[in-house]
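Here is the structure we will look at, set down as structure tokens.
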Amino acid sequence: MNILDIIDKKEKGAILSKEELEFIINGYLNGSIPDYQMSALLTEIDLLGLTDQETINLTDIMLHSGDVLNLGDNITDKHSTGGVGDKTTIVLAPLVASLGVKVAKMSGRGLGHTGGTIDKLESIEGFQTSMSLEKFKKQVSDINIALVGSMGNLVPADKKIYALRDVTGTVDSIPLIASSIMSKKLASGAQNIVIDLKVGNGALINSLTEARQLANLMIKIGKQYNKKVACVLTNMNQPLGCAVGNSVEVMEAINTLKGKGPADLNELVIKLGSLMVSMALNINENEAESMVKENLYNGKGYTKMLEWVNAQGGNINNISASKHVKQIIAPKDLYISSINALKIGKLARKIGAGRLTKDDKIDLSVGIILNYKTGDFVLKDSPLATILYNDKIITDEEVLSCFTFSEKPVSKPSLIIEIIK
Ligand code: URA
């Protein structure tokens with residue numbers, strides 16, 4: 001077999017066999033296929049797609065490229081395809097754990113304009129984002145929840161291919177996203193998988209048609225392994241909640257678990273939580289929803305968060321804080337007609353909250369707080385947004401350019417678009 005023939009075959013739109021896909025993935029991992037040939041193939045895949053069977057085969061090969069964890073039965077996981085202000089996991093994981101769901105989770109760091117749960121949690125003093133497999137398993141068994149950056153050598157093929165996709169403009173290919181996400185979820189041993197599939201300008205996927213294709217493909221892959229998969233398509237045209245950054249998002253997650261969260265974040269954790277609880281405990285979704293709401297507002301979710309942070313060495317009373325604060329003032333009495341999530345994510349990165357390359361160091365204490373959301377009415381001279389910063393600054397004009405305004409009332413956009421399972 002030879003890589004040039006395979007690239008040529010794909011270029012002509014032919015279907016690759018499992019053996020050919022295996023040859024590619026193994027060759028790329030062991031260095032016999034160089035980056036430039038792999039990127040040529042990824043570009044063909046991005047342009048022409050893969051059949052469902054090719055994607056299933058690719059997922060299986062990637063899944064077995066490294067360790068496959070067995071964390072016991074009935075582990076439930078949640079994955080987000082990435083967005084701006086997405087602190088959902090920090091609320092959801094302890095919330096469902098407080099209801100008896102076992103959450104053994106591996107999360108990522110932020111890259112580009114999107115944030116990562118691991119960076120956010122590291123803004124809590126002392127919080128350990130790595131541990132041994134034994135400790136991880138014991139913590140899940142003792143308190144139902146453990147969350148780390150990575151564990152063992154999971155899906156090395158995805159690590160290497162994702163890094164190449166990131167610099168070759170092939171991140172938005174539906175079959176490549178499906179195989180990347182599902183290989184990691186399957187390798188980490190989850191039985192029930194809930195995916196928050198973000199759609200909009202701040203997300204990887206911008207169109208509803210593509211989001212539906214991706215959801216159906218991931219569900220189909222899950223079925224091959226007898227996993228329950230549910231995809232919740234959610235709006236990412238404006239940031240989720242009000243806080244965008246790292247420590248600011250942790251503070252918002254804490255407030256949400258104290259029953260004082262923003263309406264959209266509450267709605268999302270209730271929906272995702274109900275699906276996770278109903279899958280894990282085998283109960284109907286309405287019953288699960290009442291349980292989730294109860295523990296979101298009675299403090300039990302927050303108590304579980306304290307137990308979890310404590311188990312991972314964190315001090316919740318000491319969260320990184322910026323030196324300076326500046327308010328961005330509303331220019332007129334107006335309704336907000338949009339808040340561009342992508343632009344806000346990029347501005348947060350500009351003050352240091354995110355990375356452009358995976359080796360960039362981020363400033364955990366800076367961020368942007370939106371004091372209003374799309375559809376809200378703002379009075380002239382009210383603080384539209386608050387910037388928490390240190391040494392890097394952004395101008396009022398840059399922040400104002402993320403908003404559009406209207407003199408007429410604007411309806412609030414729905415957050416949850418649809419659920420596919
Ligand atoms: N998240 C992933 O883990 N992989 C992708 O390809 C896209 C989003």
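Excluded from the calculations below are hydrogen atoms, water molecules and symmetry mates; all remaining heavy atoms, backbone and side chain alike, are included.
Between Trp308 and Tyr302, the distance from one ring center to the other does not fall under 6.0 angstrom.
Every side-chain hydrogen bond (donor to acceptor under 3.5 Å, both in side chains) that Lys18 has, sequence neighbours left out, goes to Asp60.
Counting heavy atoms of neighbouring residues, nucleotides and ligands inside a 6.0 Å radius, atom NZ of Lys135 exceeds 12 of them.
Between Asn246 and Ala353, the shortest heavy-atom distance links the atoms ND2-O, 2.9 Å. Between Ser65 and Leu29, the shortest heavy-atom contact is CB-CD1, 3.8 Å. Smallest separation of non-hydrogen atoms from Leu208 and Leu233: CD1-CD2, 3.8 Å. Residues Leu58 and Ser179 share a closest heavy-atom pair of CD2-OG, 3.5 Å. Residues Leu347 and Cys402 approach most closely at CD1-SG, 3.6 Å, considering heavy atoms. Considering all non-hydrogen atoms of both residues, Pro239 and Leu370 come closest at CG-CD1, 3.7 Å.
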Original post:
Taking it one step at a time, do Leu95 and Leu296 satisfy side-chain contact (heavy atoms from CB on, under 4.5 Å)?
Top reply: CA-CA 7 Å; Leu95 180 60; Leu296 180 60; 4.1 Å; yes

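Cation-pi geometry between Lys408 and Tyr335 is not met at under 6.0 angstrom from the ring centre and within 45 degrees of the axis. A cation-pi geometry, defined here as NZ or CZ lying under 6.0 Å from the six-membered ring centre and within 45° of its normal, holds between Lys184 and Tyr162.
Within the 4.5 Å cutoff, the side chain of Tyr225 has heavy atoms near those of the Leu63 side chain. Inter-residue side-chain proximity for Val84 and His113 is flagged as met; some heavy-atom pair is nearer than 4.5 Å.
Here the CD-CD1 distance, from Glu11 to Ile6, works out to 13.5 Å after rounding to the nearest 0.5 Å. With rounding to the nearest 0.5 Å, the separation of CG in Leu147 from CE in Met106 is 8.5 Å. Interatomic distance, Leu214 CG to Cys231 SG, rounded to the nearest 0.5 Å: 7.0 Å.
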